[in-house]
Amino acid sequence: MEKKLQVKSIVPAPPPAHRSRPGFGLTVFAVVWKDLMAEMRSRELLSAMLVFALLVIFIFNFALELTPTVRSEVTAGVLWVTFAFAGTLGLNRSMALEKDRGCLDGLLLAPVERSAIYFGKAIGNLTFMLIMAVIVLPLYAVFYGVNVFRPGLLLVILLGSIGYTAAGTLLAAMSVQTRTRDILLPILLFPIVLPVLIASVKASSSFLGKAPNISVILPWLNFLIAYDIIFITLAFMVFDYLVEE
Amino acid sequence: MSPKPGLLKTLDVVSLGLLIAATYMALIYAPTEASMGQVQRVFYFHVATAWIGMLGFIVAGVTGILYLRTQNLKWDILEVAAVEISLVFFFIAIVLGSIWARPIWNTWWTWDPRLTTAAVTELIYLAYFMLRQGVEDPERRARFGAVYALAGAVSVPITFMVIRLYRTIHPVVIGTPSAAAQGGFSMSVPMKTTFFFVIFAFTVIFIDLLWNRIRLGRFEQEVEELKLKVIQ
């Protein structure tokens, strides 16, 4: 009887059935912070996106013969094509990094909600996208003498980038797990993200025009907001299925 | 391997009969339209094939949700069948539309909301098959397919509405057409009969093809399982 009691005392107390998980916001922040720190140290993702973006702008210069009169009309289109192409580089790389070194498995083992990982990655990608835009815009303005510093344009870039990365992060999570992952992401992403690109180009070119008319621009902004909300919700619901083993 | 069910064999024959009857109705029975002439006859098959295309993509979106909820591979087989058939029918609809547009709009193609949305839809579902080809594990392939079909089904209507903010020239034969539509007309009674008959015929053909494709999908699954057994 005595012996039995003794044994019982050295067995550690069983862990409570529901250990307190870290909060959703904290998890998201941790994933974003991890991505930003890794990027701060390697700088391989942002530098690749930036150089690629500049190359695309240079190629457009020769492909379209950007004379001063043409420039003002095609600026919005050139900018968004640049963002979209450079964006796929970033999205692909950011997910491939996780997959290559088994980091994704580590993330999935963590006792946190899977959708928090999605939001972390998406916010990280959005940050890279916006940093790229902030650097490319002044360079574009210098090279082509087009004034691109309009608050409205920045709003469009923010809303468009949110939609782009919301859908892009979701699809990149799929494409990196396939055999053809190097080529698949743009093919999956561009037709899905087409409404964002159309609405962004239209809204941007209106803001860059001589007299921006808010009643013309507002429907495009509404579309962007609607798309952002719909795709964030969709990703929130289905992300679990993509990383399931 | 199970033999082909008798009902399916009957349906095959009925579908073929309906296709011949539909061709007769569209090419001979229906009266020639007054201003556009013979080329208007394309309209019957154009609308019917487009309808089948849309029907299949809606089926694919719904089965995508059902698969994710149940994780039952039968929904995946249905999804693939629907997308594959719709991809072909939607392509036929686009080609037929182009044939009609050449004399009526004086161009093979224009970036109208419906045309652009149709083209983008085709691209999305082509990408769907490329995605599936890259995944070997059947369950993961089914999950990815379901998620992408769902994303496509959500994105396509938004694309349509976004482009609709531009002016459209596509005629609307049923319902109120926009003022800018070109090539619209009103249907006489024999035209309406033909129209609904062709749509009915193509719906039956769709069901027949779908059934055959589901059967094929089951065989594919069987072959895959047998292959795995051999490897082990």
Side-chain angles (χ1 to χ4, degrees), chain A residues 118 163 166-203 206 216-235 237-245, chain B residues 57 61 64-71 75-76 87 90 111-113 115-167:
Chain A
Y118 165 78
T169 308
L170 183 74
L171 297 178
M174 282 203 281
S175 71
V176 293
Q177 297 184 59
T178 62
R179 222 171 346 120
T180 46
R181 63 186 204 179
D182 302 323
I183 48 170
L184 199 57
L185 181 64
I187 295 171
L188 292 181
L189 179 58
F190 287 152
I192 297 277
V193 92
L194 188 71
V196 171
L197 295 180
I198 296 171
S200 299
V201 168
K202 286 284 160 189
S206 298
V216 177
I217 299 170
L218 208 57
W220 302 113
L221 293 183
N222 287 341
F223 265 121
L224 284 175
I225 294 168
Y227 185 97
D228 292 356
I229 293 170
I230 290 170
F231 265 83
I232 290 170
T233 317
L234 181 76
M237 291 193 293
V238 301
F239 187 72
D240 276 15
Y241 298 110
L242 299 185
V243 290
E244 210 169 78
E245 281 306 319
Chain B
F57 293 139
I65 298 172
L66 287 173
Y67 176 77
L68 290 179
R69 293 206 63 133
T70 61
Q71 307 278 321
W75 296 118
D76 183 54
L87 199 64
F90 223 52
W111 294 101
D112 163 271
L115 277 69
T116 315
T117 312
V120 170
T121 311
E122 285 283 291
L123 287 174
I124 289 180
Y125 290 98
L126 277 176
Y128 170 89
F129 282 110
M130 297 182 79
L131 172 66
R132 291 186 69 98
Q133 268 176 6
V135 189
E136 261 142 45
D137 175 37
E139 272 172 24
R140 179 182 285 174
R141 183 169 57 214
R143 279 203 309 268
F144 284 14
V147 168
Y148 196 68
L150 201 56
V154 169
S155 164
V156 164
I158 306 178
T159 307
F160 181 70
M161 285 185 285
V162 164
I163 309 173
R164 207 169 199 182
L165 277 180
Y166 301 96
R167 185 172 57 94

### Task
Heavy atoms only, distances under 4.5 angstrom: which of A/Ile187, A/Leu171, A/Thr180, A/Leu170 has the most pairs with chain B? Name it, please.
A/Ile187

### Query
Can you tell if the side chain of B/Met130 reaches within under 4.5 Å of the side chain of A/Leu184, non-hydrogen atoms only?
yes

### Query
Is any side-chain heavy atom of A/Phe239 less than 4.5 Å from a side-chain heavy atom of B/Val147?
no

### Approximate separation, where rounding is to 0.5 Å, of B/Ile65 CD1 and A/Met237 CE
8.0 Å

### chain A contact via B/Gln133 - side chain, backbone, both or neither, heavy atoms under 4.5 Å
backbone

### Task
Calculate, to the nearest 0.5 Å, the distance between atoms OG and OH belonging to B/Ser155 and A/Tyr227 respectively.
5.0 Å

### Task
List the atom of A/Pro191, the atom of B/Tyr148, and the distance in Å for their closest heavy-atom pair.
CG-OH, 4.1 Å

### Closest non-hydrogen atom pair, B/Val162 against A/Ala199
CG1-N, 4.3 Å

### Leading residue by heavy atom contact count with chain B [cutoff under 4.5 Å; candidates A/Asp240, A/Val238, A/Ile230]
A/Val238

### Task
Give, as side chain, backbone, both or neither, the part of A/Tyr241 having an atom under 4.5 angstrom from any heavy atom of chain B.
both

### Message
Please classify the contact of A/Leu234 with chain B as side chain, backbone, both or neither, using a heavy-atom distance under 4.5 Å.
### Response
side chain

### Task
Report yes if some heavy atom in the side chain of B/Leu123 is under 4.5 Å from a heavy atom in the side chain of A/Phe190; otherwise report no.
no

### Part of A/Leu242 within contact of chain B (heavy atom distance under 4.5 Å)
both

### Message
To the closest 0.5 Å, what do you measure between CD1 (B/Ile158) and CD1 (A/Ile198)?
### Response
11.5 Å

### Query
What is the distance from atom CG of B/Leu131 to atom OG1 of A/Thr178, rounded to the nearest 0.5 Å?
6.5 Å

